[in-house]
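These notes concern the structure reproduced below.
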Amino acid sequence: MTSNWAGNITFEAERVAPTSTAEVSEVVRAAVAAGQSVRALGSGHSFNRIADTSGVQVSTRGLRSPLRIDEDRRWVSIGAGTRYGELAIDLAEHGLALANLASLPHISIAGAVATGTHGSGNTNRSLAAAVAAIEFVAGDGEVVVLERGDEGFDGAVVSLGALGIVTRIRLDVVPHFEVRQRVFENLPFAALLENFDEITGAGYSVSAFTTWAEPEVIDQVWVKQLASELAPGDFYGATPATEALHPIRGISAVACSEQFGVAGPWYERLPHFKLEFQPSNGAELQSEYLIPRLRAQDALLALAGIADRIRPHLLVNEVRTVARDSLWLSPMHGNDVVGLHFTWKQDPEVAELLPLLDEIFEPLGGRPHWGKVFDDRIDVAERYPRIGDFRKLVGRYDPNGVFANDFTRRVLR
């Protein structure tokens with residue numbers, strides 16, 4: 001038996017680890033012949049049972065075929081099991097970069113894309129929005145390649161693994177750039193409400209962290225600026241940090257990306273954590289709701305209103321922004337959003353809070369992150385205007401439900 005990264009999910013399925021697209025096709029055909037279901041597992045950073053199956057679980061870690069770069073057309077093609085931090089180092093050697101990264105560089109490319117994972121920044125889109133082409137093995141074992149602009153492409157990128165096993169991905173790249181990170185403490189909550197767009201736009205990527213220990217104060221703001229940009233001056237009543245900080249109080253900052261305005265490569269500053277260390281807390285759960293940015297103040301006030309309920313179970317709450325995209329099942333589909341991210345203690349009581357989160361965020365247009373814990377009894381799929389088209393896409397590439405599991409049957413019902 002194996003578990004996910006946080007240890008809250010145990011997998012008991014038969015595990016295989018193919019190293020090529022051809023091997024994945026063989027695995028799928030064999031499973032179909034045996035009447036088994038198939039699911040993919042990447043780095044195991046999802047906190048729910050999206051990767052679980054009673055049949056065959058395909059580890060994508062061996063799908064790390066050499067990268068191919070087209071510098072003229074600005075793309076890189078890479079095996080689906082590659083981690084973002086590993087790809088970043090290879091790109092840097094060619095003077096190239098991805099436009100953005102998630103807070104952890106440890107996650108696999110295919111897994112992050114399939115769940116709509118993102119970083120931060122008013123004008124930065126999700127990681128999935130950088131996908132220019134995707135290769136996957138469908139329910140009949142055949143290999144499918146879809147490129148941006150092809151029919152169904154926007155539905156196939158954030159797919160929850162429901163269309164097949166992704167084996168290779170092509171991503172847009174940009175020229176290499178450097179970033180400086182500065183951390184500010186004790187931002188008045190009122191200042192965040194009154195100056196939300198200015199604060200989240202103060203850098204290329206901005207994240208605010210709070211434990212709600214003092215509801216009138218946001219504990220930290222991490223501002224990641226392009227190295228060429230001027231440093232922020234007076235920061236809305238917050239003060240510059242005088243020591244390196246971890247987002248979670250009481251944890252050493254040794255695993256965190258460099259602070260104090262020291263310029264460094266994009267891949268060493270955009271994530272919150274270094275690739276060579278365990279990120280975040282480890283023994284934790286995570287939830288996140290993505291809410292239209294036009295409702296950011298309403299969402300923050302609603303969250304502050306339940307601070308007493310969530311505080312005992314919370315390690316830290318992160319507030320960040322993401323730009324809209326056109327991907328059918330992306331939580332950012334059609335909207336610039338504010339992401340309200342919860343890093344929880346591994347308390348059983350957290351499950352009791354999940355319906356409460358949906359109760360306050362659903363009326364604001366909130367959509368839960370597919371790879372984190374949420375109340376999956378709710379009708380999540382109906383919050384996506386292209387869900388009918390996505391269901392047709394599933395019928396085209398997996399008509400017999402080879403890649404369906406309990407999670408997808410619930411959330412896509």
Side-chain angles (χ1 to χ4, degrees), residues 5 42-43 45 64 67 69 71 74 76 78 81-109 111-113 117-127 130 171-184 200 202-209 220-232 240-248 251-282 316 318 320-322 339 341 343:
W5 172 76
S43 58
H45 196 259
R64 301 190 181 198
L67 82 166
I69 294 175
E71 296 193 28
R74 290 289 169 86
V76 59
I78 191 68
T82 306
R83 298 188 300 171
Y84 273 96
E86 297 162 343
L87 171 60
I89 293 170
D90 288 339
L91 286 177
E93 292 177 356
H94 292 82
L96 297 171
L98 299 173
N100 206 6
L101 289 170
S103 58
L104 311 181
H106 308 70
I107 53 180
S108 70
I109 294 171
V113 165
T117 297
H118 58 89
S120 178
N122 283 358
T123 60
N124 290 324
R125 299 185 299 164
S126 69
L127 302 185
L171 298 171
D172 298 330
V173 293
V174 299
H176 178 89
F177 59 98
E178 295 205 335
V179 174
R180 301 179 191 271
Q181 178 170 243
R182 296 175 176 86
V183 176
F184 297 86
T200 59
Y204 186 82
S205 170
V206 175
S207 289
F209 297 94
Q220 304 175 32
V221 183
W222 292 32
V223 180
K224 304 169 192 277
Q225 294 182 292
L226 299 178
S228 58
E229 294 178 325
L230 294 175
T242 57
E243 61 180 356
L245 296 175
H246 189 287
I248 300 174
I251 297 181
S252 168
V254 65
C256 296
S257 47
E258 188 76 31
Q259 300 169 25
F260 300 110
V262 178
W266 58 281
Y267 62 90
E268 291 184 353
R269 297 294 183 274
L270 291 178
H272 299 329
F273 303 100
K274 300 173 184 175
L275 181 63
E276 62 269 26
F277 287 88
Q278 174 180 281
S280 193
N281 185 56
V316 73
E318 181 177 6
R320 49 189 169 172
T321 55
V322 193
H341 184 277
T343 301

Practice task
Give a yes or no on whether the backbone of Q225 and the side-chain of R269 come within a donor-acceptor separation of less than 3.5 Å.
Solution key: no

Completion exercise
Taking every heavy atom of P232 against every heavy atom of V223, the minimum-distance pair comes out as CG-CG1, 4.4 Å

Practice task
Working to the nearest 0.5 Å, report the span between CG of D90 and OH of Y267.
Solution key: 10.0 Å

Exercise for the section: Examine the side chains of Q181 and S257 and answer whether a donor and an acceptor come within less than 3.5 Å of each other. Expected result: yes

Completion exercise
Value for CG (L171) from CD1 (I109), rounded to nearest 0.5 Å, stands at 5.5 Å

Practice task
Return the minimal non-hydrogen interatomic distance between T117 and A102, and the atom names on each side.
Solution key: CG2-CB, 4.1 Å

Exercise for the section: State, yes or no, whether a side-chain contact exists between S103 and P271 at a heavy-atom distance under 4.5 Å. Expected result: no

Handout entry: Least distance between heavy atoms, G119 atom then V322 atom
Key = O-CG2, 3.8 Å

Problem - Rounded distance (nearest 0.5 Å) linking atom CG of N124 with atom OG of S205 - result: 6.5 Å

Completion exercise
So OH of Y204 and CG of L226: to nearest 0.5 Å the spacing works out to 6.5 Å

Problem - Interatomic distance, S108 atom OG to R83 atom CZ [nearest 0.5 angstrom] - result: 9.5 Å

Practice task
Measure from the side-chain N and O atoms of H106 to the backbone N and O of K274, and report whether any donor-acceptor pair falls under 3.5 Å.
Solution key: yes

Exercise for the section: Determine whether R180 and K224 make a side-chain contact, defined as any pair of heavy atoms from C-beta on separated by less than 4.5 Å. Expected result: no

Problem - Minimum side-chain heavy-atom gap V174-L96 below 4.5 Å - result: no

Handout entry: Residue pair F273 / P247, side-chain heavy-atom distance below 4.5 Å
Key = yes

Handout entry: Audit row: Q259, E243, side chain to side chain contact (heavy atoms under 4.5 Å, CB included) steps and yes/no
Key = CA-CA 9 Å; Q259 300 169 25; E243 61 180 356; over 6 Å; no

Handout entry: Heavy-atom closest contact (A97 atom, F177 atom, distance)
Key = CB-CE2, 3.8 Å

Handout entry: Side-chain heavy atoms of I69 within contact of L67, under 4.5 Å
Key = yes

Practice task
List the steps and the verdict of side chain to side chain contact (heavy atoms under 4.5 Å, CB included) for V316 and H341.
Solution key: CA-CA 8 Å; V316 73; H341 184 277; over 6 Å; no

Practice task
Could you tell me whether the side chain of L98 reaches within less than 4.5 Å of the side chain of L87, counting heavy atoms only?
Solution key: yes

Problem - Check: G121 main-chain N/O paired with N100 side-chain donor or acceptor under 3.5 Å - result: no

Practice task
Return the minimal non-hydrogen interatomic distance between W266 and V179, and the atom names on each side.
Solution key: CA-CG2, 4.2 Å

Exercise for the section: Assess whether side chain to side chain contact (heavy atoms under 4.5 Å, CB included) is satisfied between V206 and T321, documenting all intermediate values. Expected result: CA-CA 8 Å; V206 175; T321 55; over 6 Å; no

Practice task
Measure the acute angle between the ring planes of F209 and H272, then classify it against the limits of 30° and 60° as parallel, tilted or perpendicular.
Solution key: perpendicular

Handout entry: Exam field: side chain E258 to backbone A263, donor-acceptor pair closer than 3.5 Å
Key = no

Practice task
May I ask you to check whether W222 and Q220 show a side-chain donor-acceptor distance below 3.5 Å?
Solution key: yes

Problem - H176 side chain near P265 side chain, heavy-atom distance below 4.5 Å - result: yes

Fill in the blank from the handout: In terms of heavy-atom contacts, A99 and L270 come closest through O-CD1, 4.2 Å

Handout entry: Nearest-0.5 Å distance that lies between atom CD in E318 and atom OG in S207
Key = 4.0 Å

Practice task
Check whether any side-chain heavy atom of P175 lies under 4.5 Å from a side-chain heavy atom of R74, and answer yes or no.
Solution key: yes

